[in-house]
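Treat the numbers as computed from the prediction; the structure is a model and nothing was measured.
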Amino acid sequence: MNDLWQKLKTGDENAREELILKYAHLTRYVVDRMNIKTTPVFGYDDLLSHAIMGLIDAVEKFDCTKDVKFETYASVRIRGSVLDALKSLDWMPRSLRATETELRRAFARLEAELGRPATDDEVARSMGISIDELNNTLASCAHSAVQSLEEMMYYGEEGPELAATGDKARPDEDPLSATELSERRRMLASAIDVLPEREKLVVSLYYKDGLTLREIAAVLGVTESRACQLHSKAVVRMQGKLARHADLFVMAA
């Protein structure tokens with residue numbers, strides 16, 4: 001495989017095509033894990049098309065001399081390409097975006113007041129809805145939860161997986177960007193640390209171990225719907241903390 005990367009450096013088109021074909025499976029893997037709800041206007045094939053563009057970009061920009069696995073690097077590029085396409089289409093309905101914002105604010109407000117993770121019952125009462133309605137709301141946000149978090153954490157060649165592990169910023173990054181990225185990573189790590197144990201496990205299994213929500217459901221012994229709800233709650237809690245940090249950062253600037 002190293003020979004192919006060396007050939008690519010010389011402008012060998014055959015090596016480029018061979019590498020793209022070699023890693024083409026990553027496009028479907030990344031798209032499937034993003035759990036995106038397709039529409040008649042933007043279907044699964046469209047997602048794969050943009051994923052392939054991300055893979056091509058990754059092949060062309062990857063530096064094989066650095067201590068980074070191509071699969072990790074490419075997955076972030078692929079995901080970023082898909083997210084850019086979705087953002088350009090305003091992929092999330094306004095009603096769903098409003099619901100997710102309301103949910104995030106409710107969790108953030110209560111946890112700031114209580115000094116601990118808010119329970120489902122506390123959040124439901126705060127929003128004036130029943131537990132069943134809260135679960136339905138979480139389910140409706142499940143498809144957007146992954147993308148929403150990654151939109152907040154996606155930074156160039158790095159992504160939420162690397163950010164969540166607390167990897168240090170690259171020394172060749174712009175100092176200001178590196179500082180901001182390190183701070184966001186610290187905040188994300190802090191947000192993960194204070195999650196309820198079950199939600200923390202879901203985040204670890206999904207982002208670190210690469211399991212799908214269906215596989216996580218099997219590990220936890222719950223339905224896939226319940227695994228989606230747990231994932232959504234974890235993401236909503238983290239979004240609230242990151243958003244609050246962003247507000248404080250702006251105020252301090």
Side-chain angles (χ1 to χ4, degrees), residues 1-2 4-5 8 15-39 42-64 66-89 91-92 141-165 167 188 192 201-220 222-225 227-232 234-235 238:
M1 187 59 64
N2 286 335
L4 287 176
W5 290 113
L8 180 64
R16 176 178 177 274
E17 291 179 10
E18 192 171 340
L19 284 166
I20 291 171
L21 290 173
K22 174 72 176 178
Y23 292 105
H25 67 281
L26 289 175
T27 58
R28 190 175 297 273
Y29 171 76
V30 170
V31 168
D32 288 346
R33 286 197 71 238
M34 292 178 76
N35 198 29
I36 298 168
K37 187 174 183 180
T38 58
T39 69
F42 200 80
Y44 187 74
D45 288 343
D46 296 307
L47 295 173
L48 286 180
S49 176
H50 287 283
I52 290 171
M53 291 172 61
L55 174 63
I56 293 172
D57 183 57
V59 168
E60 293 176 344
K61 294 181 178 177
F62 181 64
D63 185 348
C64 61
K66 293 190 175 181
D67 189 23
V68 177
K69 290 181 62 178
F70 177 74
E71 290 87 343
T72 301
Y73 178 86
S75 293
V76 174
R77 287 285 177 181
I78 292 167
R79 186 179 298 107
S81 181
V82 174
L83 287 174
D84 286 344
L86 291 170
K87 287 168 67 177
S88 69
L89 292 171
W91 59 278
M92 190 189 298
C141 294
H143 292 291
S144 67
V146 178
Q147 298 93 283
S148 295
L149 180 63
E150 293 185 4
E151 282 178 358
M152 296 181 71
M153 293 307 303
Y154 184 73
Y155 283 91
E157 297 173 350
E158 309 279 6
E161 288 91 346
L162 293 179
T165 63
D167 288 16
L188 180 58
I192 292 173
L201 177 58
V202 170
V203 169
S204 177
L205 292 174
Y206 188 90
Y207 290 100
K208 185 176 180 180
D209 297 332
L211 272 62
T212 64
L213 291 173
R214 179 173 297 179
E215 291 168 335
I216 291 172
V219 170
L220 297 181
V222 299
T223 64
E224 186 175 354
S225 174
C228 287
Q229 291 170 3
L230 289 169
H231 178 266
S232 293
V235 171
M238 289 189 287

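The minimum heavy-atom distance between W5 and V59, with the atom names listed, is CZ3-O, 3.6 Å. L211 and Y206 get closest at one heavy-atom pair: O-CD1, 3.4 Å. Heavy atoms only, all atoms of each residue included: L8 and A15 are closest at N-CB, 4.0 Å. Contact record, S81 with M53: OG-CB, 4.0 Å, taken as the closest heavy-atom pair. Residues V202 and I216 approach most closely at O-CD1, 3.8 Å, considering heavy atoms. Between A227 and V222, the closest heavy-atom pair is N-CG2, 4.1 Å.
Rounding to the nearest 0.5 Å places CG of L213 at 10.0 Å from CG of L230. A distance of 12.5 Å separates CD1 of I78 from CZ of R28, quoted to the nearest 0.5 Å. Distance check, rounded to the nearest 0.5 Å: CD1 of I20 to CG of L26 gives 12.5 Å. The CD atom of Q229 sits 4.5 Å away from atom OG of S225, with the distance rounded to the nearest 0.5 Å. In this structure, R16 CZ and L21 CG are separated by 10.5 Å, a value rounded to the nearest 0.5 Å.
For Y29, the ring pair (Phe, Tyr, Trp, His ring centres under 6.0 Å) criterion is met by no residue, not counting sequence neighbours. By the side chain to side chain donor-acceptor pair (under 3.5 Å) test, D63 is found to be paired with T65, residues two or more places apart in sequence or in another chain being considered. Remark: E224 engages R214 in a side chain to side chain donor-acceptor pair (under 3.5 Å) (not counting sequence neighbours).
Using cut-offs of 30° and 60° for the angle between ring planes, the F62 and F70 rings count as perpendicular.
At least one donor-acceptor pair under 3.5 Å links the side chain of S232 to the backbone N or O of C228. When atom types are taken as modelled, the side chain of T27 and the backbone of A24 share a donor-acceptor pair closer than 3.5 angstrom. A distance-only check finds a donor-acceptor pair linking the side chain of D46 to the backbone of G43 [under 3.5 Å]. Side chain of S49 to main chain of D45: no donor-acceptor pair is present (N/O by atom type, distance under 3.5 Å, no hydrogens or angles).
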Next on the checklist: One pair to check against side-chain contact (heavy atoms from CB on, under 4.5 Å): D209 and E215. What are the steps and the verdict?
Outcome noted: CA-CA 11 Å; D209 297 332; E215 291 168 335; over 6 Å; no
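The side-chain heavy atoms of K22 and L4, taken from C-beta on, include no pair separated by under 4.5 Å.
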